[in-house]
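Please read the structure below before turning to the comments.
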Amino acid sequence: MRRFSVVFLLAFCVFGGRPARADLDDHVWQEIRSEHFRIFTNGDVDVVRDLAGDLENFRRIFMLMTGKTNVDSPVPFTIIAVVNRNEFDEFFAQPFVAGVFGGNLLGSHAVIDLSTRRPDRNGKPVLAADLIIKHEYVHFLLRTTSRIRYPLWYEEGFAEFLSTAEYDHGDVMVGMPVVDRHISLSSDFGLSSMDHLLASTHADRQVRTDILYAQGWLLVHHLMTTPDLLAKFVDYLKRFDETGDSVASFRAVYGDKTDEIQHDLVREARRGRYHYITLTPKTPFPEPKVSVHPVSQTEIRLQIAEALPVFGRDDERLQKVRELYERVLAGEPDNARAIAGLAHLLLRKGDLDAAAAMLARLPEQTEDESALTARGDLALAQAVWRALDPSLLQRARECYMAVLRRNNQSAEAFFSYGLTYLGSDENPKEGLLAFDQATYLVPGDLDAAMFYGLLQLQAGHFAEATKLERHVVVAGTPSSVAIARQVLALAGQRDAAGGRELAGSVLALQVAGRFEGPEGD
């Protein structure tokens with residue numbers, strides 16, 4: 001699933017000034033690298049170094065709290081930290097937010113404003129965006145290191161619960177409330193029923209969003225601080241993963257205590273005082289290794305151009321992307337990433353001839369991953385417009401395989417390779433294997449799961465198609481749910497021919513948008 005989120009600021013946040021409009025060239029950009037993060041910034045390097053170190057410690061806190069021994073992900077996580085509101089709004093304009101986050105099969109991007117502060121628990125001003133980065137990084141780790149699915153209330157509640165965790169002098173403190181969640185809990189609106197909270201999905205949120213996050217946080221906090229409830233929680237997650245029925249799974253595990261838990265949540269919300277959890281790791285966290293490197297104007301333009309489409313594909317935003325690529329090509333006419341990026345924009349507009357002309361500027365033997373992927377996308381688009389021309393499909397597969405020979409962790413290449421089998425009469429076994437690998441690399445991407453289900457239906461594997469599409473119906477976005485329900489209906493009719501027709505029509509809708517698929521929230 002494609003995911004796009006923002007963090008909203010409350011009145012207590014302190015905003016920096018609004019200087020005159022500035023160009024990217026007006027600032028020196030640097031890259032701050034730690035073991036698991038890349039942060040590009042034109043702001044205070046010391047602040048960003050501290051952020052990188054804090055995030056490395058936060059990653060270790062996640063491992064401590066989940067018991068996972070390896071949370072390395074093949075999908076990159078990149079942060080762009082801009083110096084002030086003016087530059088943030090220039091590219092990522094969202095009123096009253098400290099940062100934005102978006103992710104897909106290509107990777108995950110966070111963009112934050114360094115000038116916006118919030119008070120920490122001691123009243124000291126700290127980055128307002130650190131909470132969204134940590135919240136979204138929890139989603140990122142849950143979805144790229146686990147093959148089970150999680151109910152929405154837990155995904156959001158656990159991300160909120162961990163986002164305030166701190167590592168201080170060898171101890172980890174967890175359970176501090178997010179201020180605006182506490183405000184929501186103490187408001188006059190009251191908590192929703194337990195069943196409505198448990199049953200909420202991305203497609204059907206049965207409670208208000210702020211209450212979903214706040215009550216999800218409160219339920220996670222209650223379970224984490226009540227040992228006898230926590231001991232049964234894994235059983236609940238397993239049942240949910242098997243059945244997709246959160247309410248029935250919760251009541252099967254907790255029985256009569258479900259209503260008692262709801263009563264305890266109401267009491268805790270009214271009291272407004274929450275226990276912190278203090279953990280002491282067996283060995284102190286090692287000092288994070290952080291380094292600083294200069295960044296060229298070309299590189300930062302490419303980074304911003306590649307991040308922008310993740311946060312929306314409106315015409316104004318895509319025009320900014322085009323301008324960035326054109327600025328790169330004005331100085332470096334042979335830059336493969338910029339050529340490929342512009343080709344993708346042209347593909348989105350359905351201008352295959354212009355995309356082909358753009359890609360013809362690349363050396364025939366280029367090894368650039370983005371250029372090879374663009375060539376594959378062009379061939380696939382041409383194949384669709386020509387009624388799934390087999391020779392063009394084969395050309396697309398060769399391009400994607402060239403990427404995978406160099407990088408067998410490219411979720412995008414596996415995903416695109418799988419698409420070449422949608423709607424065709426060929427044996428879809430190779431496509432199934434490709435989608436399986438894509439969903440392994442990015443477990444939370446519902447587009448990959450949905451297309452995997454389409455291929456299963458196309459192959460006549462009705463039971464498998466039904467099982468996969470139920471995942472999408474439970475946790476999908478409205479557009480992906482609509483497609484999933486068509487798959488379920490066809491599977492019920494046991495109509496593989498209809499599956500091929502549906503797969504072909506869905507593929508035709510995808511190619512113009514570079515396979516972005518249904519938007520996430």
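Side chains included, hydrogens not; waters and symmetry mates left out as well; all remaining heavy atoms used.
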cation_pi(R149, F240) dist<6.0 Å, angle<=45
yes
So, E156 versus H139: side-chain donor-acceptor pair below 3.5 Å or not?
yes
Taking the six-membered ring for Trp and the single ring otherwise, decide whether the centroids of F415 and Y400 are under 6.0 Å apart.
no
pair L218-L191: side-chain heavy atoms closer than 4.5 Å:
yes
Decide whether D171 and T278 meet the rule of one side-chain donor and one side-chain acceptor closer than 3.5 Å.
no
Side chains of N70 and M63 in contact at under 4.5 Å (non-hydrogen atoms)
no
With a 4.5 Å limit on heavy-atom distance, are the side chains of D195 and Q206 in contact?
no
Does the side chain of Q215 come within less than 4.5 Å of V207's, by heavy atoms?
no
So, for W153 and F158, is the gap between ring centers shorter than 6.0 Å?
no
Would you please classify the geometry between the Y154 ring and the F233 ring as parallel, tilted or perpendicular, with 30° and 60° separating the classes?
tilted
Check: T420/R397 side-chain N/O donor and acceptor closer than 3.5 Å:
yes
Any donor-acceptor pair under 3.5 Å linking the side chain of D113 with the backbone of A98?
no
Establish, from distance only, whether the side-chain atoms of E56 and S34 form a donor-acceptor pair under 3.5 Å.
yes
Got a salt bridge between R38 and E31, using NZ or NE/NH1/NH2 to carboxylate O under 4.0 Å?
yes
So does S200 get a backbone contact from the side chain of R205, meaning a donor-acceptor N/O pair under 3.5 Å?
no
For the pair D314 and R317, find out whether any cationic side-chain nitrogen is under 4.0 Å from an anionic carboxylate oxygen.
yes
For the residue pair N57 and P288, establish whether any side-chain heavy-atom pair is separated by less than 4.5 Å.
yes
Is there a side-chain contact between V126 and R117 (heavy atoms, below 4.5 Å)?
no
Do the side chains of D436 and Y452 get nearer than 4.5 Å, heavy atoms only?
yes
Once the angle between the rings of H221 and Y274 is folded into 0 to 90°, is it parallel (under 30°), tilted (30 to 60°) or perpendicular (over 60°)?
perpendicular
State whether the side chain of Q458 and the backbone N or O of Y421 hold a donor-acceptor pair below 3.5 Å, judged by distance alone.
yes
Give the intermediate values and the outcome of side chain to side chain contact (heavy atoms under 4.5 Å, CB included) for residues Y276 and V174.
CA-CA 6 Å; Y276 297 175; V174 185; over 6 Å; no
Is there a donor-acceptor pair under 3.5 Å between the side chain of S246 and the backbone N or O of A199?
no
Is the distance between the ring centroids of F140 and Y137 under 6.0 Å?
yes
Within the side chain of S410, is there an N or O that forms a donor-acceptor pair under 3.5 Å with the backbone of N407?
no
Kindly state whether the ring of H109 and the ring of F101 have centres lying under 6.0 angstrom apart.
no
Within the side chain of T226, is there an N or O that forms a donor-acceptor pair under 3.5 Å with the backbone of L229?
no
Do the side chains of R251 and D259 get close enough for a salt bridge, i.e. N-O under 4.0 angstrom?
yes
Do the charged groups of R49 and D54 touch, with an N to O distance under 4.0 Å?
no
Do the side chains of D264 and R267 get close enough for a salt bridge, i.e. N-O under 4.0 angstrom?
yes
Could you check whether any side-chain N or O of H135 sits under 3.5 Å from a backbone N or O of T164, counting only pairs where one atom can act as donor and the other as acceptor?
no
Could you check whether any side-chain heavy atom of L55 comes within less than 4.5 Å of a side-chain heavy atom of K134, counting everything from C-beta outward?
yes
